[in-house]
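Right, one structure below, let's go through it.
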Amino acid sequence: MTDTNHGAPEAPVRESAVKTMTMAGAINAGLRAAMERDPKVLLLGEDIGQLGGVFRVTDGLHKDFGGDRVIDTPLAESGIVGTSIGMAMRGYRPVVEIQFDGFIFPAFNQITTQLAKMHYRSHGRIQLPVVIRVPFAGDIGAIEHHSESIEALFAHTAGLRICSPATPQDAFDMIQQSIFAPDPVLFLEPKARYWDKGDVDTDAVRTRLDDAAATADIGRARVARPGTDVTLVAYGPTVRTALQVADVAAGEGTSVEVIDLRSISPLDIPTVVRSAKRTGRVVVVHEAPTAHGVGAEIAARVGEEAFFHLKAPVMRVGGFHMPYPPSKFEHEFLPNLDRVLDAVDRLMAH
Amino acid sequence: MTDTNHGAPEAPVRESAVKTMTMAGAINAGLRAAMERDPKVLLLGEDIGQLGGVFRVTDGLHKDFGGDRVIDTPLAESGIVGTSIGMAMRGYRPVVEIQFDGFIFPAFNQITTQLAKMHYRSHGRIQLPVVIRVPFAGDIGAIEHHSESIEALFAHTAGLRICSPATPQDAFDMIQQSIFAPDPVLFLEPKARYWDKGDVDTDAVRTRLDDAAATADIGRARVARPGTDVTLVAYGPTVRTALQVADVAAGEGTSVEVIDLRSISPLDIPTVVRSAKRTGRVVVVHEAPTAHGVGAEIAARVGEEAFFHLKAPVMRVGGFHMPYPPSKFEHEFLPNLDRVLDAVDRLMAH
Amino acid sequence: MEALGPLSDNGLVRLLDADGTRVADPDWEPYAEHLTPEALRLAWRLMTLTRAFDAEATSLQRQGELGLWVSCLGQEAAQIGSGTAIREPDYVFPSYREHGVALTRSVDLPQMLTLFRGLEHGSWDPAQHSFHLYTLVIGAHTLHATGYAIAMDRDGLVASGNPDKDGAVVCYFGDGATSQGDVNESFVFAAVNNAPIVFFIQNNQFAISEPTTRQSRVTLAQRADGFGIPRVRVDGNDVIAVHAVTQWALRHARAGQGPVLIEAFTYRMAAHTTSDDATRYRTRADEEKWRQRDPIARLETYLDAIGELTQEYRDSVAAEAKALGKRTRETVKSWERPPMLEMFDHIYAEPHAQVEAERAWFDRYQQSFIDEGSHA
Amino acid sequence: MEALGPLSDNGLVRLLDADGTRVADPDWEPYAEHLTPEALRLAWRLMTLTRAFDAEATSLQRQGELGLWVSCLGQEAAQIGSGTAIREPDYVFPSYREHGVALTRSVDLPQMLTLFRGLEHGSWDPAQHSFHLYTLVIGAHTLHATGYAIAMDRDGLVASGNPDKDGAVVCYFGDGATSQGDVNESFVFAAVNNAPIVFFIQNNQFAISEPTTRQSRVTLAQRADGFGIPRVRVDGNDVIAVHAVTQWALRHARAGQGPVLIEAFTYRMAAHTTSDDATRYRTRADEEKWRQRDPIARLETYLDAIGELTQEYRDSVAAEAKALGKRTRETVKSWERPPMLEMFDHIYAEPHAQVEAERAWFDRYQQSFIDEGSHA
Ligand SMILES: Cc1ncc(C[n+]2csc(CCOP(=O)(O)OP(=O)(O)O)c2C)c(N)n1
Ligand SMILES: Cc1ncc(C[n+]2csc(CCOP(=O)(O)OP(=O)(O)O)c2C)c(N)n1
Ligand SMILES: [Mg+2]
Ligand SMILES: [Mg+2]
């Protein structure tokens, strides 16, 4: 299913279409492109209008598209998602912003029992192309509820797609593909990476925005760095950490392959298993607590499909089983460079 | 940590204290005993009063304890859990009934961001001994939202304890221990087993109701049937299936050890790993979809701790990645006898 | 603040008395004046068919042909009175008990039972009938309805200049549902968006076993005041009055004047569902009192009194009801369970790797039984 | 229905005009008559100290000593007016901006900053101050407050026969919060349980950038009508009026007469937090207009006019404010991060296998650095 590295654009790059952008800027540009393409695309959320969102991801869009398309909603997440479902039933493509990860839970019922299940309940008659954008994960020194990794709480529920970009290019492409995919998508934006910069080809994605192509693209993992000794599986905010680990490990003579999952539902297991079979050593790195996290599913699947190739158990490096701690503790709570390196070292002992 | 089989009472059994009960009856008796023991124990929920709950688990308690202790609440799950938190802050021990698994989601925010985190947030100053009883899982031919397995959606969140009894004895003991434990407990009642009968010693638990003992007891797994070839890990509704599988497998010459987890948070990993190291073959069986289910965590942990003892990958048999299907399909959706046997057979091929 | 308890009988709009006499109410007459005897006969017929279907479904459940049935017995006037005021391009969001409304939306009633037989989660094509699927999570659909109404407004279907073409949403829910956060958020979103929506509470006085006094200490209609939404409280067993207030509310909403809330005060004459035992929480005397206010009998008395219900018409409706019952029974019994593999359909609109892998596994697994004969 | 928009100035209870003149209102006078000049001086002092602390915290944030600060500038009258009406055994549930109320509950203000420095999620002992922790999930605490009030009633702390001993809950939240399902469910639960609770909305006209018109089309006070809860709307910059209406509401609740809702209409003079940029969504002119209604200046003018604010008193309060600022700065800068291992404490009240295993692992992991020197 995943034979090519989709991080690199397939179309020839026209010089003019490549711009340097922050991830926040890339999402902003992607939203703008989607709104220009289809008048049915609406943005909804708290403070996304004149303020441009607390992270300024919707900056300028209210001014250019007006309050009818960039809608400041009442302060009620269940209401935002619930009314978006109703609008989607009439052919709109609502793109909802949840202000912070920790504030998605009032909408949990609408997402889990309604948004995810309506297509099934209606025998495919109703499609709900709703995108829920969430600035997620930690490492920004914030107060409680502003740093959480919520992916595992939604990945168990069928009917949702979940993805998370790790680069400005993916952010630009994937937000548009999520909007034009026919299924609901939880779009997790690693907020600590909003200000990371990268080159973005703004042309390549255009031909890949129809339902099927968009869906396929947002479901695929990417080999972010090839290697031979250890497979590091990461997504969203931990991809940067994983690449740093690979750098340091290379200095110590260990060749680390970094896989950027991009998609959490579905998981691109073939890409991971292919790598695991080559390296025989796998570490999964995410910010969410390891217990019952996405890493558990990956470890289980790699166990099922690459068991006889593994030299050691799949290791997981993530948060601890605790509420996200006060920010002065977050550096050690998070899977930082040292903790991931420690895991790589322990695996290399096998 | 788990050296004895806690399914069997440790105290000498006085003949008079053993009664045959259904699981629903055992929970009812356990609630009654807890209410008699401590006037701070209150029951709250929809239709739990005169009606006795839709499953009659609170039958007779409104009559005997009055509407002040068995409280019919407004129809709002967030309100029920949220006000229970407030009551617990004043020293009450609210025991909440959520009418069906699929209706817990309006309370997800209160459970996840408030109930689970208040103890941490307050540096241990506030204890919230709230029990949330949920008739859960399927196999009763019900309509949508009435058959769901929700455990994985809560197990990832620190601060909650989660347990599920599989026998009337455990139901009687564990509901009381959950009520007198100082932490919030999600108490999952396998509704398809409500009418299963078993002997219940109503005396044994009495000495084990203080905070620490109650907490320790509800955190322990139980070897429900010893065996040597394959370890079957189950909890709640699938324990009965697992025991049936062990019976059939015995007839085919395969010795199956059945572990009844009893607790989902924490998981009693030492008991599972001890068994896995002996048998080298593990199957985890739960009704919830396997993807990102509790079985993933168990598979990952067994992989981590018993890797070099395993003869084959840990297998998982559970629901599929779909909304719980219409009831005419549920027999095949669920991990039934045939599907679990199939897994055991495949494992025995190693 | 009005000093009405939630079950007060005061202040109800009523055009047909409990004893079947027509009452004059100059405020509401304009919204009922188009109700010719023919229209009233139609209402009586629809109520009668609803009841016949309901009785047949109840008996099918007793015979084990359905897993569950949710009766609307006693609520026929609330449902047919409002349903007959709805037209294209209005759109309806029912709760799960609106079988009478479904009939007014031309849903084939027997077909609805796939849900209650455990074959499907949703039975009809919502777009075809402008009638959304039943929603079982209390109150969740009120937000969908509100969003849908906001979208209708955006699409120019409201206050278009041609009142005959304007539309609005009608959203049904129960007395118990009013306690849910989602319902109250719907009021917030509808009010600030001035959405074309009629919130229609069928206050049947019970949320399963709980009387309305467990949900509110004032009338449920008053809830609207807190959100700046106009409201009306109507005798829900008076099909004429229900029709009139719904007409008014829909005209208001379609004309761009925003949301309206209707509380139809009625009574759930059956148990909550076939799984429920109402004797545990209410008295026979209470039930008997409300049987006296039977909405169908009330209209029948009136039509009789004005000589508009011929024996011939009665007979033809009775025959139609009987035929509906028979067809319902036969339809339900004719249903086979679809192939197991179909449970893997429509989880996503586009393929999803996890689903595809599991579907393929299950297919092989099923085949293995066919290939090898029965297991073990 | 009243025809008031949500920002209307009509119908506000007011006892001290914007220009500092005392207005007579016979309805409310009884609840203010105990406010001697001394009591008013105390209110002025508490408002002044609140503002000084707030300014110091803002500057500490600018200097990088705090991660964030949530200013209550402009809301001092709403907070001190209500806070001074609270007494033992009342219990308070704040939102996250009630630093003035915290002061009236004897919370040590500098200590509160552990939260904003990222050292703790909750800073004080709630039981000691009858002042619950700040809750950041909008509206969630209103249900806790309601449950707590229901429990107070059960415990005989309401209508006990000795009015001096009766208690009630005061629950603060913002205009934006009124849209949340939880807040509306709180009204439902409080009303049907006749709970002794005062819901206190500080309508500071903004939910971050969104004006109140995005949340409601009528006054927020009116929300109470829908639930059968009495309500009052007060000038939130008039400390005397706020105190009076809170007195009334608390007496009502403590006497067993059930919940009350207060809307204090005020203005958030600062940005939402130190991370916010209010120039993006409101005008300088608007800010200037409200600066003219500064609640502290208003009381100062009045006290001056009646000759009750001596220079000596002013000087002593100024000195106290300065000392508070200094102590705040020194306290914050003195804090060391506790040992990392403490992040594993208080996740559960009793040991939990997962936590214990991870704590042990982390301890070994940390030790390995100490043992081996720095890694890599
Ligand atoms: C969120 C949620 N909680 C609980 C239930 C279980 N339940 C089904 S119907 C019902 C009572 C509903 O009462 P009401 O709103 O008055 O509607 P009625 O059934 O009387 O038509 C309850 C509690 C549910 N379906 N959804
Ligand atoms: C459930 C939830 N959603 C969103 C937020 C983010 N947020 C923090 S404060 C705020 C605005 C609150 O406005 P209001 O209730 O008026 O209180 P104020 O800040 O004005 O005192 C928002 C949207 C949150 N904390 N919780
Ligand atoms: Mg009802
Ligand atoms: Mg505000």
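Below, chains carry the letters A, B, ... as their sequence lines are ordered, and counting in each starts from 1. The figures here come from the full heavy-atom set of this structure, side chains too, leaving out hydrogens, waters and symmetry mates.
- With no hydrogens or angles considered, a side-chain donor-acceptor pair links D:His144 and B:Gln110 at under 3.5 Å.
- In this structure, B:Ile85 and D:Leu143 have side chains that are not in contact, with every pair of non-hydrogen atoms separated by 4.5 Å or more.
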Run the side chain to side chain contact (heavy atoms under 4.5 Å, CB included) test on D:His132 and B:Ile126 for me, step by step, so that the C-alpha distance in whole Å, both residues' side-chain angles and the decisive distance to 0.1 Å come before the verdict. CA-CA 10 Å; D:His132 186 58; B:Ile126 297 175; 3.7 Å; yes
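- Within the model, atoms CZ of D:Arg154 and CZ of B:Arg69 stand 8.0 Å from one another, a figure rounded to the nearest 0.5 Å.
- For the atom pair B:Leu44 CG and D:Ile150 CD1, the distance stands at 8.5 Å (nearest 0.5 Å).
- Heavy atoms of D:Asp125 lying under 4.5 Å from chain B belong to its backbone as well as its side chain.
- For a residue to count as touching a neighbouring chain, one of its non-hydrogen atoms must lie under 4.5 Å from one of that chain's; by this rule D:Ala145 does not touch chain B.
- Closest of all the heavy-atom pairs between D:Tyr134 and B:Arg121 is O-CD, 4.3 Å.
- For the set B:Ala76, B:Pro182, B:Ser84, the count of heavy-atom pairs under 4.5 angstrom toward chain D peaks at B:Ala76.
- Using modelled atom types, one finds no donor on one side chain facing an acceptor on the other under 3.5 Å when comparing D:His121 with B:Ser122.
- Counting only heavy atoms from C-beta outward, the side chains of B:Thr83 and D:Tyr148 never approach each other to under 4.5 Å.
- Of the residues considered (B:Ala214, B:Gly159, B:Ser263, B:Gly124), B:Gly159 shows the highest number of contacts with chain D, using heavy-atom pairs under 4.5 Å.
- Residues of residues 174-184 of chain D that come closer than 4.5 Å to chain B, counting heavy atoms only, are D:Asp182, ordered by residue number.
- For B:Arg90 and D:Asp155, the salt-bridge test passes: some basic side-chain N is under 4.0 Å from an acidic carboxylate O.
- Of the listed residues B:Gln127, B:Arg125, B:Met87, B:Lys117, the one with more heavy-atom pairs under 4.5 angstrom with chain D than any other is B:Arg125.
- In terms of heavy-atom proximity, D:Tyr348 sits nearest to B:Ser265 at OH-OG, 3.7 Å.
- There is a side-chain donor-acceptor pair under 3.5 Å between B:Arg301 and D:Gln354.
- Looking at B:Asp211, both its backbone and its side chain come within 4.5 Å of chain D, counting heavy atoms on both sides.
- Judged by distance alone, the side chain of B:Tyr120 and the main-chain N or O of D:Met343 form a donor-acceptor pair under 3.5 Å.
- Heavy-atom distances place the side chain of B:Ile71, and not its backbone, under 4.5 Å from chain D.
- Here D:Glu185 is the residue among D:His141, D:Glu185, D:Glu342 with the most heavy-atom pairs under 4.5 Å with chain B.
- At distances below 3.5 Å, at least one donor-acceptor pair connects side-chain atoms of B:Asp183 with backbone N or O atoms of D:Ala349.
- Counting heavy-atom pairs closer than 4.5 Å to chain B, the top-ranked of the candidates D:Pro351, D:Ala127, D:Ser123 is D:Pro351.
- With chain B as the partner, the residue from D:Leu133, D:Val188, D:Thr142 showing the most heavy-atom pairs under 4.5 Å is D:Leu133.
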